[in-house]
Amino acid sequence: MAGKKPAPTDLDGILQRAGDVAGTALGSLLTRSALGFAIWDTDLRCIWVNDVLEKYDGVPREQRLGRRPGTALPGDAGVLESAMREVLATGISDFGREYRAPIMERAGANRAFSVCAIRLDDAEGRTLGVCQVVLEVTGRRWAEDRLALVSEAGARIGTTLDVMHTAQELADFTVPLLADYVTVDLTEAVRLGEEPLERLGPMGGRLPKFRRAGMASIHPGTPESLWPRGEVVYVPPASPFIRVLSSGKSVLQPVLETAPGTWLDDDPARAAKIRELGMHSLMVVPVHARGALLGVAVFVRTDTPAPFDEADLLFAEELVARAALSLDNARRYTRERATALALQHSLLPRSVSGGAAADVVARYLPADAEGGEGGVGRVGGDWYDVFPLPGGRVALVVGDVAGHGIGAAATMGRLRTAVRTLADLDLPPAELMTRLDRTVMHLGDEDTDTPGPTLAATCLYAVYDPATRRCTMARAGHPPPAIVHPDGRVVFPEIPSGTPLGLGMLMYEAAELHLAEGSVIALYSDGLIEDRHQDIDSGMERIRTALAQPGLHLDDLCAAVIATLPTTTPPDDVTLLLARTRSRAPASPDDATR
């Protein structure tokens, strides 16, 4: 009947049966659980272990019993032994301590475990030893490690906007972390900044051209590679490389087959390298970003005996995907920079001539592809021009549009045209600069609906008259000119600076200089004198010293000034225009009307 208490004899039976069940359950827990158990005595000698622990770390029971942790556990067991001694001394259990043990069948690989240590006491409170409970967390730990490595790859791959450098960073990062030998081959279109194909395959019976962009090996000199970086790579039509590029899917070959009848029959040189260096496992991963295939990354194991597995492939794909975005950004940068350079070069004068008024030379250096901090399209808006004016005079112009890229180059071309148009009106330099300021304001209004100044530029406009040997200059926020006297003395004359073009704030003023025959007028952009490591005054002093070489041919003088740059890859455009003055008799009335 419900609620009836069992008789005393029944209670004894229940307790007996409960004890039997508990004993059976405990035995099942110790022997059949997914947990590893080991019991250590007060001297920390192993006295009991279940089969699961052997499956975990590969150490047989007979090699563990009677031994201390240093010899009974693989790997660096010192941390576990210290923890167990602490537990024995204090009775405070130690939970969740991480421990790693090598995987016997995979050199260099580890399994991760979470280990707990609990002191065992008898009914009288006497210490019997320590029970160790082990749970494998390799999968979870590997996922965490992989996430951290992929994050680290983001910081170490793609540090520049150069496709070759980025490909090499990918190879360097993955050796020996994942593979013993890695190559990254990119299509020629990617290297040149052109638009890649969505899927690579035969084109008119021929395969697209690949170049070796990155490679790394655990062996010095990368003996595995048949081609150095930058060289065209032969890709067999029936190889896994083409299969990957055609399908866009990775290929995993845990065991790389080299026997007759494989694709290596058509590539004997590669087959010989594979056999010679013991390449035994292969992964081929497509490099694709934003729907376009850029190339292929190849991962090989030689000295590492374990073959690649699905986890390795997943990790490789994550790393390549991260690198692919950087590669595509670099490709897009290369394309935009090439377009901007082509546009800028098409707008700059092919040659300069001062006619009878002056000997003229000019140099233009585009900004370094990587020196800028603003990302894509570092090509700036520097421009220069030299053209004749009525009366045998000559006009010299140097300017700089704010910003970089195609937009700056296009604006530069518009300003150069505007200067020529205004100069045809034979306006004095100060008035020309004032009208050019309004022109820039109008150009800015056309490009945006935002009120206020949106386009800015600096400019220096000079007119030299060989009949009077007078040079009239006006500048709008541009660095002052340098004048080199025939005796080699260099001065920076005081020319009213004015505000940059496009602000519409003030009228511009001009200054007039009387120059001895054979003087050199040096106009330049701020890229020649500005540097992040020194101030403008230091830059001006640097070019003053270089210009102080009387009698030097203008080409050589120009080269001497450019050579003073702190780097051959300047972070901003550099423009230099030199004009050595001549003199002649005053113009006749007929000359003045020409």
Side-chain angles (χ1 to χ4, degrees), residues 103-109 167-168 170-187 199-202 206-288 293 295-317 319-320:
I103 298 175
M104 298 304 178
E105 66 273 17
R106 288 189 57 180
Q168 185 60 44
L170 172 60
D172 290 337
F173 185 80
T174 49
V175 173
L177 174 68
L178 178 62
D180 299 328
Y181 167 56
V182 172
T183 62
V184 182
D185 298 331
L186 302 177
T187 66
R199 185 162 295 178
L200 300 181
R206 300 179 61 186
L207 292 170
K209 185 182 294 184
F210 290 85
R211 288 188 184 271
R212 181 132 299 168
M215 62 182 187
S217 170
I218 61 173
H219 302 118
T222 321
E224 300 93 336
S225 180
L226 293 166
W227 301 276
R229 288 185 68 221
E231 290 295 316
V232 175
V233 175
Y234 169 68
V235 183
S239 68
F241 314 125
I242 293 300
R243 189 161 75 250
V244 166
L245 292 168
S246 299
S247 67
K249 298 180 180 179
S250 301
V251 165
L252 169 63
Q253 291 185 356
V255 178
L256 178 55
E257 294 291 343
T258 59
T262 66
W263 63 274
L264 288 169
D265 291 347
D266 298 327
D267 196 350
R270 200 188 306 253
K273 279 285 186 182
I274 290 173
R275 297 187 186 98
E276 174 190 351
L277 296 168
M279 304 183 202
H280 63 85
S281 192
L282 172 73
M283 293 190 299
V284 185
V285 179
V287 182
H288 54 79
L293 279 164
V296 61
V298 180
F299 303 84
V300 177
R301 279 184 174 160
T302 54
D303 292 22
T304 301
F308 289 120
D309 56 25
E310 293 291 342
D312 293 324
L313 180 61
L314 178 61
F315 184 38
E317 288 176 334
L319 292 176
V320 171

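Considering every non-hydrogen atom in both Met279 and Thr302, the closest pair reads CG-CG2, 3.6 Å. The two residues Ala297 and Val320 have their closest heavy-atom pair at CB-CG2, 4.0 Å.
Between Lys273 and Leu226 there is a side-chain heavy-atom pair separated by less than 4.5 Å. Taking 4.5 Å as the limit, every side-chain heavy atom of Thr183 sits out of range of all side-chain heavy atoms of Glu224. In this structure, the side chains of Asp185 and Val287 stay at 4.5 Å or more apart for every pair of heavy atoms. Using a 4.5 Å cut-off on side-chain heavy atoms (C-beta onward), Phe315 and Met283 make no contact. Contact of the Pro236 side chain with the Arg270 side chain is registered, since non-hydrogen atoms from C-beta on lie closer than 4.5 Å.
The structure places CG of Leu178 at 9.5 Å from OG1 of Thr304, a figure rounded to the nearest 0.5 Å.
Remark: the Glu317 side chain and the Ser250 side chain contain an N/O donor-acceptor pair separated by less than 3.5 Å. A donor-acceptor pair shorter than 3.5 Å cannot be found between the side chains of Glu257 and Thr262.
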Discussion item. Please evaluate residues Tyr181 and Thr222 with respect to the criterion side-chain contact (heavy atoms from CB on, under 4.5 Å), reporting the C-alpha separation (whole Å), side-chain torsions for both, the decisive distance (0.1 Å), and the verdict.
Written reply: CA-CA 8 Å; Tyr181 167 56; Thr222 321; 3.7 Å; yes
Worksheet entry | Audit row: Ile242, Trp263, side-chain contact (heavy atoms from CB on, under 4.5 Å) steps and yes/no | CA-CA 11 Å; Ile242 293 300; Trp263 63 274; over 6 Å; no
